[in-house]
A.B. asks: 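Below is the structure I would like to discuss, written out as structure tokens.
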Amino acid sequence: MGLKNESVLREEKGIHRFKIDLLRKTNESSSLIPLLQSAQESYGYIPEDAIYYISELVGIPAADIYGVITFYTQFRLRPLGKYLIKVCEGTACHVNGAKKIVKAIHSELGINIGETDPDGFFSLQSVACLGCCSLSPAMMIGDRTYGSLTVETVRKILKNYREGAIEE
Amino acid sequence: MKEIKVGLATCGISAGGTAVFNEFKQQVSEKNLPVSLRETGCMGMCYEEVLVEIIENGSRYLYGSVTPEKVKRIVAEHIIENKPVSEWIVRGPDSGEQTDFFRKQKRIVLRNCGDIDPGNIDEYTARGGYNAIRMVLSSLSPEEVIGTILDSGLRGRGGGGFPTGLKWRFARQAEGDKKYIICNADEGDPGAFMDRSVLESDPHSVLEGMMIAAFAIGAEKGYIYVRAEYPRAIERLRRAIGECGARGYLGSRILGSPMNLDIVIKEGAGAFVCGEETALIASIEGKRGVPRLRPPFPAQSGLFGKPTNINNVETYANVPWIVVNGAEAFSRLGSEKSKGTKVFALAGKIKRSGLVEVPMGITINEIVFDIGGGIRDGKAFKAVQMGGPSGGCIPASMGELRIDYDEITKTGAIMGSGGMIVLDETTCMVDVARYFLTFTQNESCGKCTFCRIGTKRMLEILERITSGDGKEEDLDILEDLAQTIKRSSLCGLGQTAPNPVLTTLRYFRDEYIAHIKEKRCPAHSCPHLITYRIDPEKCTGCTLCVKRCPSGAIAGEKKKPHTIDPDKCIKCELCYDACRFHAVIKI
């Protein structure tokens with residue numbers, strides 16, 4: 001392990017911040033989760049090398065770090081597509097037809113929850129509640145929230161992303 | 001000078017608020033208008049987002065469903081010519097608008113929400129903000145503060161309902177060189193968004209509540225544990241904490257007093273169980289958020305083994321108001337054992353969904369009908385789901401029930417953090433129970449066998465029933481499992497996970513029986529138990545359904561009634577949604 005991917009990691013955007021965070025937070029006993037969040041923000045996911053790197057610096061065994069990563073739904077061990085779709089499956093969305101929305105995304109993109117499409121453009125995730133219950137059913141793409149969805153509007157929104165009509 | 005306020009909490013932004021704000025900005029600078037344009041948080045009327053308020057000489061006009069196109073006319077007529085565009089006003093100085101939504105509300109927690117700019121500490125102080133901490137620091141002892149909170153009758157708004165003053169007293173009396181204070185902003189209940197709205201719309205009231213609590217128990221360090229799914233709340237909190245530091249409300253020797261306090265934000269990483277106190281503490285310490293046995297309670301041994309006080313966002317937001325207005329003013333509101341007000345996140349099949357704050361003791365019907373405007377699309381009111389996955393469904397027949405901690409608990413549901421999802425006749429109660437079990441089963445931390453495996457077994461049974469393979473003995477097994485899981489689980493997640501099943505079994509048993517014995521879903525919601533047909537009387541042969549059907553199950557000539565082939569139908573319901581004549585029916 002170790003050095004092989006290090007140069008690749010360095011090239012990625014955000015690595016600088018991750019390193020600074022590492023240095024700043026190393027001495028805090030409760031720094032593990034913020035460090036993992038910082039790594040994920042820098043790389044888009046948590047690379048194996050980053051786990052070993054953090055392990056060495058904070059003195060927590062890599063296996064324990066892995067245990068923390070897999071406990072929380074926020075953390076990913078694999079990279080995501082360019083756009084992350086978070087479909088809300090909260091109670092209000094559920095009773096207002098979230099299932100249809102998931103189906104519509106599936107039929108448009110051919111991916112299920114937890115998957116990324118082959119060209120790495122979209123990833124699909126479900127979340128317990130986005131807190132936009134008054135706009136249910138809702139989904140988030142990147143930082144944007146879309147509410148009062150219908151099968152038609154979902155198709156239109158995805159098409160707009162595909163065609164580059166929506167920029168981040 | 002006129003003031004224009006645009007509601008830019010998550011709900012407003014999602015509905016297109018940023019574009020509306022920018023359009024106002026452009027119009028104001030283009031036409032060089034003498035107005036003050038500001039952003040604000042959630043005004044509560046989420047169903048009318050984007051909301052824009054125009055204020056002049058104390059007259060307030062609230063516009064609903066504003067779009068950038070509408071901005072032009074509002075500017076031309078209201079701002080320039082002083083003629084409010086009456087057809088778009090949802091609340092104004094003249095009666096006749098939708099004031100019903102606000103009539104029965106009493107705003108304490110939401111006192112500033114939608115009124116002030118959450119990003120500007122001066123707007124908070126201009127409304128009396130930070131007067132409570134000044135009062136506390138200049139003239140009250142910690143014991144007096146705790147006494148005030150005890151006398152007010154404030155109970156924990158995160159759902160537990162434990163007397164807040166008592167919790168503070170325990171933490172005050174605990175021995176420890178160092179003490180901590182935590183704000184639980186890990187609002188994980190699906191269907192609850194009041195904490196997010198308060199943090200986004202009025203972060204300073206939460207910070208001030210924490211300061212007062214820290215003074216009362218003697219803590220010098222505070223944590224706010226907030227969901228990472230709430231980026232805007234985190235951003236506004238961060239800004240508010242920065243402003244407080246710069247003005248001397250946080251840091252060392254606060255406002256010249258001997259009190260020191262630092263508050264830091266910890267972003268949650270997405271685990272429902274972390275809403276539980278001991279799990280939350282483990283998570284702040286950087287571990288897996290697994291709950292532990294109590295006692296010792298956090299008040300004795302909490303974060304890093306030190307005495308710790310944890311309260312929810314809404315609980316803290318109440319505190320400054322109580323200090324300034326007095327315990328008596330608070331305890332006058334509400335019912336005998338539940339004082340003050342409660343914020344509810346009203347959503348589901350309701351006409352007016354949004355954030356409402358009402359005095360305890362109000363009835364369910366008053367919230368659903370008088371405030372919420374009743375059920376959408378002329379459907380019948382069936383139940384309210386309260387308390388999220390730890391709660392349950394209260395049937396419409398109990399609509400006159402007065403809402404307080406104890407009355408709700410008697411029904412088998414719980415107050416919870418205040419999510420209130422309204423269900424109508426098209427909602428299948430077995431499916432609702434299945435939905436919540438899916439959630440708790442996913443979120444069980446796995447420490448207790450009964451919770452980990454018991455909820456899994458319950459879920460399997462519910463899935464079987466909703467797909468038409470239920471057996472008669474299933475109901476007994478469900479009840480037996482439910483009781484065992486409740487008794488044998490360590491934390492609140494497991495102890496309450498069976499509640500949605502138990503309440504639906506109690507009030508809607510006939511629906512379970514219809515699924516099992518008659519293979520029928522009375523609400524026409526479970527896909528396996530319904531077939532779609534076209535009513536030849538109503539079908540006009542417009543062919544819209546044929547075009548939408550992805551499986552080629554619909555056939556028929558133009559302008560003549562169509563038919564659905566049940567063997568080809570994949571029950572996607574696209575035809576049902578598409579038909580403009582209600583000709584597609586579910587049986």
Side-chain angles (χ1 to χ4, degrees), chain A residues 25 28-38 40-41 58 60 64-75 86 88-100 103-104 106-107 125-136 138-140 143-148 150-152, chain B residues 10-11 13-15 46-47 49 187-193 195-197 227-231 266-272 274 283-290 304 345-349 353-355 385 388 419 421 423-424 426-427 431-432 435-436 439 442-443 445 548 550 572-574 577:
Chain A
K25 288 173 177 165
E28 284 177 40
S29 52
S30 59
S31 60
L32 182 57
I33 291 171
L35 277 178
L36 291 171
Q37 283 167 334
S38 177
Q40 180 152 299
E41 211 174 286
V58 295
I60 299 171
D64 288 357
I65 297 180
Y66 185 77
V68 170
I69 292 172
T70 51
F71 183 80
Y72 295 100
T73 50
Q74 187 193 16
F75 297 127
K86 290 185 192 160
C88 181
E89 294 201 281
T91 321
C93 289
H94 178 76
V95 301
N96 281 327
K99 258 189 261 171
K100 276 186 215 171
K103 264 191 192 168
H106 176 76
S107 78
Q125 228 178 43
S126 86
V127 291
C129 188
L130 289 174
C132 303
C133 310
S134 55
L135 298 163
S136 60
M139 68 175 177
M140 248 176 122
D143 281 336
R144 278 178 212 226
T145 314
Y146 297 90
S148 311
T150 63
V151 171
E152 255 68 65
Chain B
T10 297
C11 44
I13 294 173
S14 311
C46 305
Y47 65 101
E49 293 282 4
E187 182 175 63
D189 274 19
F193 55 92
D195 291 351
R196 172 181 67 66
S197 292
R227 299 186 73 187
E229 285 94 332
Y230 289 171
K266 282 272 176 183
E267 286 183 38
F272 176 64
C274 288
S283 184
I284 293 184
E285 291 171 351
K287 302 174 194 146
R288 288 166 71 105
V290 179
F304 307 119
L346 194 58
K349 305 280 192 181
S353 59
L355 208 61
Q385 206 288 335
I421 311 283
L423 310 174
D424 72 3
T426 65
T427 315
D431 178 65
V432 168
Y435 164 77
F436 281 112
F439 181 84
N442 271 333
E443 294 293 340
C445 78
R548 293 282 159 82
C572 66
E573 243 181 67
L574 286 178
D577 291 338

A.B. asks: To the nearest 0.5 Å, what is the distance between CG (D577(B)) and NZ (K100(A))?
C.D. replies: 3.5 Å
A.B. asks: Mind ranking V127(A), I69(A), T145(A), D64(A) by heavy-atom pairs under 4.5 Å with chain B and telling me who comes out on top?
C.D. replies: T145(A)
A.B. asks: Against chain B, label T70(A) side chain, backbone, both or neither, depending on which of its atoms sit under 4.5 Å from a heavy atom there.
C.D. replies: side chain
A.B. asks: V151(A) vs E573(B), test: side-chain contact (heavy atoms from CB on, under 4.5 Å). Steps then yes/no.
C.D. replies: CA-CA 10 Å; V151(A) 171; E573(B) 243 181 67; over 6 Å; no
A.B. asks: So do P34(A) and K266(B) actually touch side chain to side chain, heavy atoms under 4.5 Å?
C.D. replies: yes
A.B. asks: Heavy-atom cut-off 4.5 Å, strictly under: side chain, backbone, both or neither for Q40(A) against chain B?
C.D. replies: neither
A.B. asks: Pick one of side chain, backbone, both or neither for L355(B), based on which atoms fall under 4.5 Å of a heavy atom in chain A.
C.D. replies: neither
A.B. asks: Side chain, backbone, both or neither: which part of R196(B) has a non-hydrogen atom closer than 4.5 Å to chain A?
C.D. replies: side chain
A.B. asks: Please state whether the side chain, the backbone, both or neither of V68(A) comes within less than 4.5 Å of a heavy atom of chain B.
C.D. replies: both
A.B. asks: Distance-only, no hydrogens or angles: does the S134(A) side chain make a donor-acceptor pair with backbone N or O of S353(B) under 3.5 Å?
C.D. replies: no
A.B. asks: Measuring from atom OH of Y435(B) to atom NZ of K99(A), what distance do you get when rounded to the nearest 0.5 angstrom?
C.D. replies: 11.0 Å
A.B. asks: Examine distances only and state if a side-chain atom of K349(B) and a backbone atom of V95(A) form a donor-acceptor pair shorter than 3.5 Å.
C.D. replies: yes
A.B. asks: Picking from S14(B), G270(B), A269(B), A347(B), which has the most non-hydrogen pairs under 4.5 angstrom with chain A?
C.D. replies: A269(B)
A.B. asks: In sequence, state the C-alpha distance, the side-chain angles, and the governing distance for T10(B) and M140(A), and then conclude on side-chain contact (heavy atoms from CB on, under 4.5 Å).
C.D. replies: CA-CA 11 Å; T10(B) 297; M140(A) 248 176 122; over 6 Å; no
A.B. asks: Taking Y72(A) for the side chain and G268(B) for the main chain, is one N or O donor matched with an acceptor at less than 3.5 Å?
C.D. replies: no
A.B. asks: Is chain A contacted by the side chain of F272(B), its backbone, both, or neither, given a heavy-atom distance below 4.5 Å?
C.D. replies: neither
A.B. asks: Quick one: of C132(A), S136(A), G67(A), who has the most non-hydrogen atom pairs under 4.5 Å with chain B?
C.D. replies: G67(A)
A.B. asks: With rounding to the nearest 0.5 angstrom, report the CG to CD distance, L574(B) to E152(A).
C.D. replies: 7.5 Å
A.B. asks: Rounded to the nearest 0.5 Å, what's the gap from OG on S283(B) to CG on L32(A)? Could you check?
C.D. replies: 10.0 Å
A.B. asks: When only pairs under 4.5 Å are counted, which of C46(B), P190(B), G191(B) shares the most heavy-atom pairs with chain A?
C.D. replies: P190(B)
A.B. asks: Identify which one of I421(B), V432(B), L423(B) satisfies the side chain to side chain contact (heavy atoms under 4.5 Å, CB included) criterion when paired with T91(A).
C.D. replies: I421(B)
A.B. asks: Select one option (side chain, backbone, both, neither) describing which atoms of I65(A) are under 4.5 Å from chain B's heavy atoms.
C.D. replies: neither
A.B. asks: Got a second to check how far Y230(B)'s OH is from C129(A)'s SG, nearest 0.5 Å?
C.D. replies: 5.5 Å
A.B. asks: With a 4.5 angstrom heavy-atom cut-off, is it the side chain or the backbone of K86(A) that approaches chain B, or both, or neither?
C.D. replies: neither
A.B. asks: For the candidates G289(B), C274(B), A15(B), which exhibits the highest count of non-hydrogen atom pairs separated by less than 4.5 Å from chain A?
C.D. replies: G289(B)
A.B. asks: I'd like to verify something: which residue of E229(B), Q385(B), E267(B) has the highest number of heavy-atom pairs under 4.5 Å with chain A?
C.D. replies: E267(B)
A.B. asks: Given that the side chain runs from C-beta out, which part of L346(B) has a heavy atom under 4.5 Å from chain A: side chain, backbone, both or neither?
C.D. replies: neither
A.B. asks: May I have the step-by-step check of side-chain contact (heavy atoms from CB on, under 4.5 Å) for F193(B) and L130(A), ending in yes or no?
C.D. replies: CA-CA 8 Å; F193(B) 55 92; L130(A) 289 174; over 6 Å; no
